[in-house]
**Q** 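Mind looking over this structure? Questions follow.
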Amino acid sequence: MVKTIKIPLMLIVFLAILFVSIFSIAVSIIEHENLYRESVKQDLDGLSENLSNDIVTILATANNEIELTTILLRLDRYENVKFAYVFSIDGELLSRYFGKQAEAEDPLSNPVLSQILKQHQLGMSIDNNQLVALKMIGDKRLPQGYLFIVNDLKKPLESSKHLMFSSIFPLTVFIVIIALLSLYFLLNRLLSPLSRLSKFANKVSLTHNYSLKPDIEGKYEIAQLSTDIEQMMGTIDTQMERNKDYTQQLIAQQKAMEKLANFDSLTGLPNRQFFVEMLRVELIRAKRENSDVALLFFDLDGFKDVNDSFGHEVGDKLLIKIATLVKNYVRDGDVISRLGGDEFLVLLHNNPDEFTLVNIADRIATGLSKTIKIEEWQVNVSASIGIAKASQSNFNVSEFISNADLAMYRSKLEGKGRYTIFVEEMMEGNKRKLLIAKNIDDALLHNSFCLFYQPKVNDLGVVNGYEALIRWYDNELGFISPVEFIPIAEKSGKINAVTSWVLKRLCTEFSELQRKHIEPVKVSVNLSAIDIKNEHLFDEIQALFIDFNIDPSLIEFEVTESAYLENLKEANLFFSRLQELGSTIALDDFGTGYSSLAYLTQIKLNTLKIDKQFVDNLGESDRSNLITVAIIDMANRLQLQTCAEGVETRLQADFLISQGCQQLQGYLFGRPLSIKDLTEKMP
Ligand code: C2E
Ligand code: CA
Ligand code: CA
């Protein structure tokens, strides 16, 4: 229940009225008392004057006691007269009168005039709640005697007060009640707009409708309050509208972000992250329901050729086309996702039997091996498919995907454009991968990697640089080649940590390496595709250069052309920042990847590293000779340095030098060695 201000207000007013009433009554009574006394006094004064005049004649003629008594008996009419005495001038008591009010033990039953004259003044006086009249009888010059009358004041005053009180009390009560009632109605009238405002506020908070108006008329401050609330509601309403717009914008943005985060921007298919999340839920459900789900992993064969021959745009269109085609080959409810590049996953729900699996895989394999028309081009690809069931991986998401991946690889190995169903035996190879991935963590933790340096020489055979190459001897698995563990580190998300380790180690050993040379030598370090996408790497490198006081121009970063081109935008940005610092960039394994060379002008480069496969066949294969010559020639035109990798024979070296290759690297000049071995070997 709502507490109302009416009660305290009424109480205050009631108390105020009560106080005023009591005060007024008290004042009236006091005033009444005074008036009453005055009037009784005047009456008694008159009466005693008359009596004494009458007594004069009696005393003058004959001292007749009876007549005196008769005169005094006139006092009977005045019920408040207690007693009266008539004294002769000598003090003799001539007559006495006792009224109805006389008290038995009246101390004046034997009155003595001299005492009376001592105690009372002539005329009227009030003594002890009694009105006393002491009159001289006769003329002042010839006094005959004294008249002494005592009139009770207390009782008549009490009864008169009582009378008066009983007459004004009901009136007062009546006035108080009327006042309170009027106040009640007044308060009701004044406060009802407030109660309505309160109801209005309740309604607003219940309905959340801020466009409501407090249609409340009131007076004085309440009218102002009502207007203020109306204005406030207006402000809230506008703000709410703004908030609504803002929220809608936010929701739209969030949706867009979700789409970006969860869907592949090219094909619109769920991306890896979203798919894996969904798969996780699906696996929990399937396990709980004792059911199974299957995963179909496919990778396009020859996609790289399409990109190389027709350009990335056609490649992108092909991926979009494939996404739409595959939708027609699967059942309703099966989910297709693009993992990245030309890899796709299809979740086949509801425990599909072998027949269904084979049927879907066959449709995809056959469907995608047909010629696809993209713009004016006839494009030919095929899909290598791997199929796995969740139960085979005990419903573990990453194992499940990796099983399908393994089966897909088997399809690739066996001739592409086909499908393979996963079997346990395929796991054997995978086990080593898992172990390596696991042991990378330990190696990082226990610092069991090592950095080797392979010299690079100029055309005169003088060492003018090194390539830093990581080495790993694992207690359990023995020596593991970076060719094997770097891709695993990349796939298992550990490459950034490995690269950080390499960079830090290189910086630590850098000055020791330089100490062996009169002229400063440049050291190159390998980066992987994933490193390029690492937003923090540039800052990390810069901090290391500062911390170890390293001249950035003595560091070269090697990156393969595929790593560079697959992340063209990020790579250009990242490498141009490194170049601004003063470092140089080398394109590793050049010639093995993209057959189109147009990109060379678009990327930030300083050196081309001619791949070992061309160097190997120099002098033996015309094609290799031709390509090598062409690469060196083109590099010169583009003002790029060249470095030939894997030079093992003098013949190869001479050929390269004769063609203008500036730098050579290979076992002919030195194998990769640890800093310790290197310094021991050096003069
Ligand atoms: P890469 O960058 O092309 O490195 C050259 C590889 O060729 C090295 O193998 C080197 O030992 C080897 N090599 C050099 N000269 C000769 C030669 O005359 N004959 C033969 N047969 N081989 C020669 P390595 O050290 O096993 O490295 C293999 C690959 O692993 C590297 O290829 C590189 O891609 C990667 N790698 C090595 N260290 C790192 C690293 O620190 N970070 C990253 N991301 N990748 C690394
Ligand atoms: Ca390299
Ligand atoms: Ca290389």
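Hydrogens, waters and symmetry mates are skipped; everything else that's a heavy atom, side chains included, is used. Both ligands and their constituent atoms are indexed starting at 1 by order of listing.
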**Q** Heavy-atom distance to atom 19 (N) of ligand 1: which of R471, E648, Q665 wins?
**A** E648

**Q** Of the choices Y667, F449, W501, which has the non-hydrogen atom that lies closest to atom 22 (N) of ligand 1?
**A** Y667

**Q** Heavy atom under 4.0 Å from ligand 1: found in Q454's side chain, backbone, both, or neither?
**A** side chain

**Q** Is the contact between I470 and ligand 1 made by the side chain, the backbone, both, or neither, using heavy atoms and a 4.0 Å cut-off?
**A** both

**Q** Are E467 and S524 linked by a side-chain donor-acceptor pair shorter than 3.5 Å?
**A** no

**Q** Of the side chain and backbone of D588, name the one, both, or neither that has a heavy atom under 4.0 Å from an atom of ligand 1.
**A** side chain

**Q** Which heavy atom of F263 sits nearest to which heavy atom of N271, and what is that distance?
**A** N-ND2, 3.7 Å

**Q** Quick one: which ligand 1 atoms are inside 4.0 Å of a heavy atom on L469?
**A** 4 (O), 8 (C), 10 (C), 11 (O), 25 (O), 37 (C), 38 (N)

**Q** Heavy atom under 4.0 Å from ligand 1: found in V498's side chain, backbone, both, or neither?
**A** neither

**Q** Please name the atom of E558, limited to N, O or S, that comes nearest to the Ca ion (ligand 2).
**A** OE1

**Q** Quiz question: by atom type and distance under 3.5 Å, do the side chains of K609 and Q665 form a donor-acceptor pair?
**A** yes

**Q** In terms of ring plane angle, is the pair W377 and F310 parallel, tilted or perpendicular, where the classes change at 30° and 60°?
**A** tilted

**Q** Check ligand 1 against P672 and write out every atom of the ligand that is under 4.0 Å from a heavy-atom position of the residue.
**A** 11 (O)

**Q** Say whether Y564 and N572, considering side chains only, have a donor N or O and an acceptor N or O under 3.5 Å apart.
**A** yes

**Q** If the cut-off is 4.0 Å to any non-hydrogen atom of G666, which atoms of ligand 1 fall inside it?
**A** 15 (N), 18 (O)

**Q** Mark up the atoms of ligand 1 that fall under 4.0 Å of a heavy atom belonging to E467, in ascending order.
**A** 2 (O), 4 (O)

**Q** Of all residues at least two apart in sequence or in a different chain, which pass the ring pair (Phe, Tyr, Trp, His ring centres under 6.0 Å) check with F275?
**A** none

**Q** List in chain and number order the residues that pass ring pair (Phe, Tyr, Trp, His ring centres under 6.0 Å) with F344, two or more places apart in sequence or in another chain; answer none if no residue qualifies.
**A** F298

**Q** Given E645, E490, E484, K609, which has its nearest heavy atom closest to atom 5 (C) of ligand 1?
**A** E645

**Q** In degrees, rounded to 10 degrees, what angle do E467 atom OE2 and D588 atom OD2 make at the Ca ion (ligand 2)?
**A** 180°

